[in-house]
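Below, each value reflects all heavy atoms present in this structure, side chains not excepted, and no hydrogens, waters or symmetry copies. Letters A, B, ... mirror the listed sequences (proteins, then strands); counts begin at 1.
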2 protein chains.
Amino acid sequence: MTVSEPTPVPDRSAEPAAAAEYALHAAEERFIEGMGLALEEDRLPRIAGRLVGLLIVSPRPQRFDHLAERLRVSRGSISTNTRLLENMGVIERVTRPGDRRDYFQINEQPGLLQRVADRFRDRQAMAEEMKQALAPGADGGDVVGDRLDGLIRFYAILADSLNSMLAAIEEAGGNSRSGAP
Amino acid sequence: MTVSEPTPVPDRSAEPAAAAEYALHAAEERFIEGMGLALEEDRLPRIAGRLVGLLIVSPRPQRFDHLAERLRVSRGSISTNTRLLENMGVIERVTRPGDRRDYFQINEQPGLLQRVADRFRDRQAMAEEMKQALAPGADGGDVVGDRLDGLIRFYAILADSLNSMLAAIEEAGGNSRSGAP
DNA sequence: CGGTTTGTTTTGTCAAGACTGAACAAGGTG
DNA sequence: CACCTTGTTCAGTCTTGACAAAACAAACCG
């Protein structure tokens, strides 16, 4: 996971007191970009990934327009991607009385996790259907049947470990949960 | 995983004897298309996925040109995608003495699996790096730290179960192994 | 009511990547 | 040697999707 340095690297040699501060910021930047790439591999827009990253490292809900300027993207993109993540259950839109603006935080319900688990289940089902149609003792030694069994087991294990993880999180109650992308 | 029926659906009412045969073929078609979509989600070209699907359900190595006509795709695409999968260790190119043509079969070494596991490890490392940079007792209750811990655990578990699976396969020796995409 | 803030939707541009078809290379074979 | 066969590579087309910018809607404020 390699992420290039954020474009303008401020000269920090002048203010040694801010060194730790700076290191944190750089790490954050890297993490956010990393999440952008990571979630992009899961077929989400890069901005959505960055949003998740930013919200993970944000202790408090973030304002809509703040997201736009922090990530340096258009408000339109924020709107689209927040809604996307909202529908997926990954982030949550929160409001405050007497405040017209929207805030966002990562949702404690692990939406993405469920999603991924379901995908594995689908693939497992697909392999099982194929196995079904194959009829029992076919060609010598039934190579194909064995392969399909392997595939089925593969997807099953992945889906299972995700599901048991989900259950564990659910059971653990309100603490230390994440959107787990 | 929904896959539309292959374009020309032959009328099988006339030859009842071929019904089972037909059912198998239809299931194969569905499986192949399904693998196309499934591997596409893993950032591989659709044709590569179909190739994997086809080779999984093929008891014997398949000829290069046969692949092209079976999937109704140009030879160029077959060439590109077979090489891609070959480099990934997912399929294997085999030849026969006195035969100038190339044959392909799915490789027994689970290349894709390793790949996926590595990806999870990378993400785990990313989250750990962020956690490092965060310094210990930060904001009240350290929400962010807890979230990162959850994330780290998440990726770790996935990578671990994949790795233990890989080990199990390795140990099981020569039987019932698959490219496990 | 006009004007402002906040967020959404739409429109257009751009880039990435998949795929085809044709040109190409490298071996066989008559 | 001319001519297949087999596979690779290259150039061009097409599709997809992300994104920005602008138009838009809605709520609020004066």
Side-chain angles (χ1 to χ4, degrees), chain A residues 4 7 32-33 35-55 61-88 90-105 181, chain B residues 4 7 32-33 35-55 61-88 90-105 181:
Chain A
S4 65
T7 333
I32 290 173
E33 290 305 310
M35 289 303 286
L37 291 175
L39 290 221
E40 196 174 27
E41 286 190 345
D42 291 341
R43 318 298 282 182
L44 288 179
R46 190 173 296 182
I47 291 185
R50 287 199 269 239
L51 272 171
V52 172
L54 176 51
L55 291 180
Q62 297 294 304
R63 269 175 43 192
F64 184 96
D65 58 336
H66 179 241
L67 295 175
E69 54 188 59
R70 176 71 159 77
L71 300 181
R72 270 172 279 166
V73 298
S74 72
R75 286 181 303 147
S77 293
I78 295 295
S79 175
T80 306
N81 285 282
T82 47
R83 197 149 32 74
L84 171 65
L85 291 171
E86 208 182 352
N87 291 336
M88 290 173 58
V90 179
I91 71 176
E92 203 176 356
R93 184 186 308 255
V94 299
T95 52
R96 332 182 86 195
D99 190 341
R100 197 139 65 86
R101 294 160 299 187
D102 294 1
Y103 292 73
F104 295 92
Q105 61 188 18
Chain B
S4 67
T7 334
I32 291 173
E33 290 305 309
M35 290 301 286
L37 291 175
L39 289 221
E40 197 174 29
E41 285 190 347
D42 293 340
R43 321 295 284 183
L44 287 180
R46 189 173 296 184
I47 291 184
R50 286 200 268 240
L51 271 170
V52 172
L54 177 51
L55 291 180
Q62 298 293 304
R63 270 174 43 191
F64 184 97
D65 58 336
H66 180 242
L67 294 175
E69 54 188 60
R70 176 69 158 77
L71 299 181
R72 268 172 280 164
V73 131
S74 74
R75 286 181 304 148
S77 294
I78 296 295
S79 175
T80 306
N81 285 281
T82 47
R83 197 150 32 73
L84 170 65
L85 292 171
E86 209 182 350
N87 290 338
M88 291 175 58
V90 179
I91 71 176
E92 202 175 357
R93 186 184 306 254
V94 299
T95 52
R96 332 181 87 197
D99 190 340
R100 197 140 64 87
R101 293 161 300 186
D102 294 1
Y103 293 72
F104 296 92
Q105 61 188 18

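One can place CG of Leu84(A) at 15 Å from C1' of dT9(C), the figure rounded to the nearest angstrom. For the pair Arg46(A) CZ and dC14(C) C1', the computed distance is 14 Å after rounding to whole Å. A straight line from CG of Asn81(A) to C1' of dA18(D) spans 9 Å, rounded to a whole angstrom. Atom CG in Leu67(B) sits about 15 Å away from atom P in dC19(C), given to the nearest Å. Residue Arg83(A) contributes atom CZ, which lies 10 Å from atom P of dT10(C) at whole-angstrom precision.
Distances were taken from every side-chain heavy atom of Arg50(A) (C-beta onward) to each of dG27(C), dC19(D), dT6(C); the shortest belongs to dC19(D). Residue Ser79(A) has its side chain nearest to dT9(C) when only dT9(D), dC19(C), dT9(C) are considered. Across dG7(C), dA20(D), dG21(C), the shortest atom-to-atom separation from the side chain of Ser77(A) is found for dA20(D).
The phosphate of dC24(C) (OP1 or OP2) has no side-chain N or O of Arg75(B) nearer than 4.0 angstrom.
Thr80(A) places a side-chain N or O within donor-acceptor distance of the main-chain N or O of Gly76(A), the cut-off being under 3.5 Å. In this structure, the side chain of Asp99(B) engages the main chain of Arg101(B) through a donor-acceptor pair within 3.5 Å. Arg43(A) contributes a side-chain N or O that, together with a main-chain N or O of Glu40(B), makes up a donor-acceptor pair within less than 3.5 Å.
Contact annotation for Ile47(A): backbone-only contact, meaning every heavy-atom pair under 4.0 Å involves sugar-phosphate atoms and none involves a base. Counting any heavy atom pair closer than 4.0 Å across all strands shown, Arg93(B) reaches sugar-phosphate atoms only and no base atom.
Contact annotation: side chain of Arg101(B) to base of dT6(D), donor-acceptor pair absent below 3.5 Å. Residue Arg100(B) places a side-chain atom within donor-acceptor reach of the base of dT5(D), judged by atom type and a 3.5 Å distance cut-off alone.
In summary, of the residues considered (Leu51(B), Leu55(B), Ile91(B)), a side-chain contact (heavy atoms from CB on, under 4.5 Å) with Gln62(B) occurs for Leu55(B) alone.
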